[in-house]
Student: 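Can you read through this structure? Questions will come right after.
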Amino acid sequence: MFANSVSRRQMFGFGGAAAAALMLGTGAWEAQSAFAAPALKGDPFTLGVASGDPTSDGVVLWTRLAPDPFAQDGLGGMPAKPVRVHYEVALDERFRRIARRGSVVATPELAHSVHPEVHGLAPDRTYWFRFRAGSAISPVGRTRTTPAPWQSPRELTFAFASCQAWQDGYFTAYHHMAREDLDLVVHLGDYLYESGVRTNKRGVTTDPKFHTETVDLARYRLQYGLYKSEAPLREAHAAFPWIMTFDDHEVENNWADETSENNEDPKTFLLRRAAAFQALYEHAPLRRTQLPNGPDVQMYRRLPYGRLADFTMLDTRQYRDDQACGDGTSADCADRFDENRTLLGSRQRDWVLKGFSRSQARWQILGNQAPMGQTDQDPGPGTTVWTDPWDGYVAERNRLLAEADTRGVRNLVVVTGDRHQNYAWDLKRDYTDPESATVGSEFVGTSVTSGGDGADMTAQGETFLAANPHMKFFNSQRGYARVTVNRDRWTTDFRVLPFVTKPDATISTRASVVVADGTPGVQV
């Protein structure tokens with residue numbers, strides 16, 4: 001265990017000159033040298049472009065220079081030297097009316113990724129952006145700012161997604177998502193999986209460099225390159241600003257704070273976590289406030305959408321207690337009710353509760369990684385649950401939901417990933433009490449590919465519906481959720497695919513589930 005941040009900085013060497021080099025790519029510091037782009041063999045923009053964390057006056061842009069994203073060393077085929085990257089933001093797709101332009105420096109320390117933060121844009125407006133390195137010009141991306149803090153927009157439309165194991169299927173869902181009319185996308189984690197990949201969805205053996213599990217920085221970079229080689233994912237990133245967080249597989253399955261899945265030496269695990277967090281930052285449209293400091297990163301944050309909604313993005317991995325009762329399924333785990341157990345950590349929990357009190361938004365949206373509602377697997381009188389999600393941290397769940405109720409949250413809606421299934425259910429103040437009040441709603445979204453084709457209904461789904469009276473809808477196909485929010489209602493459309501193990505699947509809306517303003521709980 002590491003006693004303080006100083007010891008972590010000393011161990012990971014993440015300061016001084018290295019930190020300065022990393023900050024060049026964020027635009028926080030301006031470099032005086034020219035850093036002219038060298039002659040590159042191939043297109044440096046193979047990984048596409050993206051934008052993220054929109055505000056009413058700006059957005060963060062992203063790209064990574066990688067003419068060879070599958071280079072064994074993880075450096076993307078770039079020379080070990082800084083390169084200046086120029087960007088433009090325009091009011092039109094042909095870039096005749098430039099709103100903002102500037103440049104940042106792509107450094108080898110950050111795999112030649114850049115994260116310029118653009119300010120001074122008009123609220124609630126669509127913009128187009130692109131990058132240039134030397135003579136190479138990137139694909140064009142589209143982004144959008146949010147309404148001004150005092151505005152009450154008529155409507156918000158967004159999609160949320162999670163869980164995209166590359167080997168399990170085609171990323172067709174993103175092809176369809178990119179053609180939706182959305183204001184933004186929320187990604188709830190498991191953007192990649194840490195496991196080695198020997199065969200792809202076509203049954204073709206992959207290059208041996210992908211066979212090993214991701215542990216070090218070079219290997220995480222290769223894994224992101226593999227995932228971003230999927231054109232539909234690049235399409236969806238280029239179409240809308242994304243708000244992103246992580247779950248477990250960006251590092252390792254079911255990790256908890258400094259405890260790894262297999263209880264390895266914490267020092268070894270934290271080295272891996274530092275590599276994973278850096279690789280995530282290198283490949284995501286995240287602001288400088290999400291720049292990792294070794295194995296630590298500030299990922300929980302709040303993004304308002306005028307006075308209509310607040311997005312409160314949670315981090316349910318980095319500060320949690322280890323899973324209770326062996327991290328599995330249990331029918332008699334008393335530890336999961338321990339008043340002192342935490343999933344969020346005290347600092348994050350207090351921040352969330354203060355946000356409940358201060359917010360003037362009509363809808364409170366929690367971006368959450370593992371299901372908050374109870375998932376009982378026993379249709380009889382007993383209760384059998386997994387201890388990794390909120391079911392393993394019952395006291396904190398009850399406190400959070402009770403505080404939302406007592407602090408006057410008008411509409412609490414939780415959007416969640418992880419489970420590879422679609423649920424719509426009520427959030428209860430105390431699941432041990434059959435008469436407990438409903439205080440919110442949760443929509444659990446299915447995976448993009450993880451788990452393969454799936455099915456509309458499964459035996460497990462029938463069990464869940466029988467055992468959980470608060471569950472109003474179940475589906476186990478692949479896809480994403482589309483949400484439309486206005487002042488009177490929230491509508492979640494579960495968008496599903498008939499298959500992902502073959503290309504070119506069509507998409508349909510399996511169900512639309514509503515939450516009415518001022519009435520907690522879901523209406524199917």
Side-chain angles (χ1 to χ4, degrees), residues 17-55 57-69 75-122 125-145 221 228 234 237-238 241-242 278 281-291:
L22 298 182
M23 293 295 281
L24 292 173
T26 70
W29 298 342
E30 177 66 21
Q32 299 302 314
S33 301
F35 295 127
L40 300 174
K41 295 181 179 180
D43 177 14
F45 298 107
T46 58
L47 301 180
V49 300
S51 66
D53 277 21
T55 65
D57 79 332
V59 70
V60 58
L61 307 180
W62 171 89
T63 194
R64 179 189 167 203
L65 306 181
D68 181 8
L75 297 180
M78 289 293 294
K81 60 184 293 185
V83 176
R84 186 168 292 281
V85 179
H86 300 265
Y87 62 87
E88 291 182 319
V89 180
L91 295 166
D92 65 295
E93 195 169 4
R94 295 188 176 184
F95 291 83
R96 291 174 176 170
R97 294 178 292 161
I98 302 297
R100 287 289 181 275
R101 57 163 50 100
S103 67
V104 287
V105 178
T107 64
E109 289 86 353
L110 211 60
H112 291 95
S113 65
V114 293
H115 302 73
E117 298 184 24
V118 181
H119 303 282
L121 304 180
R125 184 161 189 169
T126 298
Y127 291 89
W128 286 261
F129 65 94
R130 64 187 177 187
F131 295 91
R132 177 175 61 82
S135 61
I137 298 176
S138 75
V140 173
R142 181 180 61 193
T143 191
R144 187 173 182 85
T145 53
R221 286 170 172 169
K228 285 182 176 289
R234 300 196 306 275
H237 269 300
W242 284 37
Q278 180 173 336
Y281 181 80
E282 292 171 350
H283 294 87
L286 296 171
R287 292 183 180 271
R288 70 179 67 102
T289 48
Q290 278 68 63
L291 180 68

Student: Checking side-chain contact (heavy atoms from CB on, under 4.5 Å) against Ile98, which of Arg101, Arg96, Arg100 comes through?
Tutor: Arg101
Student: For Met78 and Pro67, which heavy atoms make the closest approach, and how far apart are they?
Tutor: SD-CD, 3.6 Å
Student: Minimum heavy-atom separation for Ala90 and Phe95, please, with both atom names.
Tutor: CB-CD2, 3.4 Å
Student: Between Leu91 and Tyr127, is any pair of side-chain heavy atoms under 4.5 Å apart?
Tutor: yes
Student: Could you give the distance from NE2 (His115) to CZ (Arg287), rounded to the nearest 0.5 Å?
Tutor: 11.5 Å
Student: Which heavy atom of Val105 sits nearest to which heavy atom of Pro82, and what is that distance?
Tutor: CG1-CB, 3.6 Å
Student: What are the two closest non-hydrogen atoms of Ala106 and Val85, and how far apart are they?
Tutor: CB-CG2, 3.9 Å
Student: Is the backbone N or O of Gly77 less than 3.5 Å from a side-chain atom of His112, with the two atoms forming a donor-acceptor pair by type?
Tutor: no
Student: Rounded to the nearest 0.5 Å, how far does OG1 of Thr46 lie from NZ of Lys228?
Tutor: 10.5 Å
Student: Considering only NZ, NE, NH1 and NH2 on the basic side and carboxylate oxygens on the acidic side, decide whether Glu282 and Arg64 come within less than 4.0 Å.
Tutor: no
Student: Check for a donor-acceptor pair, side chain of Thr63 on one end and backbone N or O of Val49 on the other, with a separation under 3.5 Å.
Tutor: no
Student: For the OG atom of Ser51 and the CH2 atom of Trp62, what is their distance to the nearest 0.5 Å?
Tutor: 11.5 Å
Student: With a 4.5 Å limit on heavy-atom distance, are the side chains of Lys81 and Pro108 in contact?
Tutor: no
Student: Do Thr145 side-chain atoms and Ala122 backbone N/O form a donor-acceptor pair below 3.5 Å?
Tutor: yes
Student: For the pair His283 (side chain) and Leu47 (backbone), establish whether a donor and an acceptor sit closer than 3.5 Å, ignoring hydrogens and angles.
Tutor: no
Student: Rounded to the nearest 0.5 Å, what's the gap from CG on Leu75 to CG on Leu65? Could you check?
Tutor: 12.5 Å
Student: Do Lys41 and Asp68 touch side chain to side chain, with heavy atoms closer than 4.5 Å?
Tutor: no
Student: Closest approach of Arg288 and Tyr281, non-hydrogen atoms and distance?
Tutor: CA-OH, 4.1 Å
Student: With a 3.5 Å distance limit and no angle check, can you tell me whether Gln278 reaches the backbone of Glu109 through a side-chain donor-acceptor pair?
Tutor: yes
Student: Minimum heavy-atom separation for His119 and Glu117, please, with both atom names.
Tutor: CD2-O, 3.7 Å
Student: For residues 129-137, dump all side-chain donor-acceptor pairs below 3.5 Å to protein atoms at least two apart in sequence or in another chain.
Tutor:
unit_1: Arg130; atom_1: NE; unit_2: Glu88; atom_2: OE1; d: 2.9
unit_1: Arg130; atom_1: NH2; unit_2: Glu88; atom_2: OE1; d: 3.0
unit_1: Arg132; atom_1: NH1; unit_2: Gly134; atom_2: O; d: 3.1

Student: With the side chain counted from C-beta on, respond yes when Leu61 and Val89 share a heavy-atom pair under 4.5 Å apart, and no when they do not.
Tutor: yes
